[in-house]
Trainee: 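Please read through the structure below; I'll follow up with questions.
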Amino acid sequence: MKASKVAYKPVGLAMGALSGVLAGGLFKQIWKQLGHDEDAPDATDEHRTWREVVSAAVLQGAIFAGVKAAVDRGGATATRRLTGTWPG
C-alpha cells in the first residue's frame with residue numbers, strides 16, 4: 001500500500017464521521033420541511049405506515065450517500081492540491 005493511502009486513512013475516517021453528522025442534520029431538516037413534526041420513523045414502529053417508513057429510509061439513504069460522496073470527493077481533491085497525489 002502506498003504511503004499516501006496510509007497517511008490518508010485517518011483523514012478519511014474523520015471525514016466519514018463528519019459526513020455522518022452533516023447528513024444526519026440535513027436529513028432532519030428536510031424531514032421537517034416535508035411536514036413531519038416528529039423524528040423519522042423506525043422500521044419497527046407499528047404506528048407508522050409502510051409508506052412513511054420506507055420513504056423515510058429511502059430519503060435518508062439518498063442523503064447519506066450524497067453527503068458522503070461529496071465529502072469524500074472534496075477530501076480527495078484537497079489532498080491532491082496539498083500533496084500532488086490522489087489518495088485513492
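The analysis underlying the following values was restricted to heavy atoms, covering all of them including side chains, and did not include hydrogens, waters or symmetry mates. Count residues from 1 along the sequence.
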Trainee: May I have the list of side-chain donor-acceptor pairs in residues 17-28 shorter than 3.5 Å, sequence neighbours left out?
Mentor:
from, atom 1, to, atom 2, distance (Å)
Ser19, OG, Met15, O, 3.4
Ser19, OG, Gly16, O, 2.8

Trainee: Do Asp45 side-chain atoms and His47 backbone N/O form a donor-acceptor pair below 3.5 Å?
Mentor: yes
Trainee: Determine the minimum heavy-atom distance between Trp31 and Pro41, stating which atoms define it.
Mentor: CZ2-CD, 3.6 Å
Trainee: Side chains of Tyr8 and Thr79, heavy atoms from C-beta outward: is any pair under 4.5 Å?
Mentor: yes
Trainee: Using atom types as modelled, flag every donor-acceptor pair under 3.5 Å from a side chain in residues 55-78 to any protein atom, sequence neighbours excluded.
Mentor:
from, atom 1, to, atom 2, distance (Å)
Ser55, OG, Arg51, O, 2.8
Ser55, OG, Glu52, O, 3.2
Lys68, NZ, Asp72, OD2, 2.6
Thr77, OG1, Arg73, O, 2.8

Trainee: How close do Ala43 and Val53 get, heavy atom to heavy atom, and via which atoms?
Mentor: CA-CG1, 3.6 Å
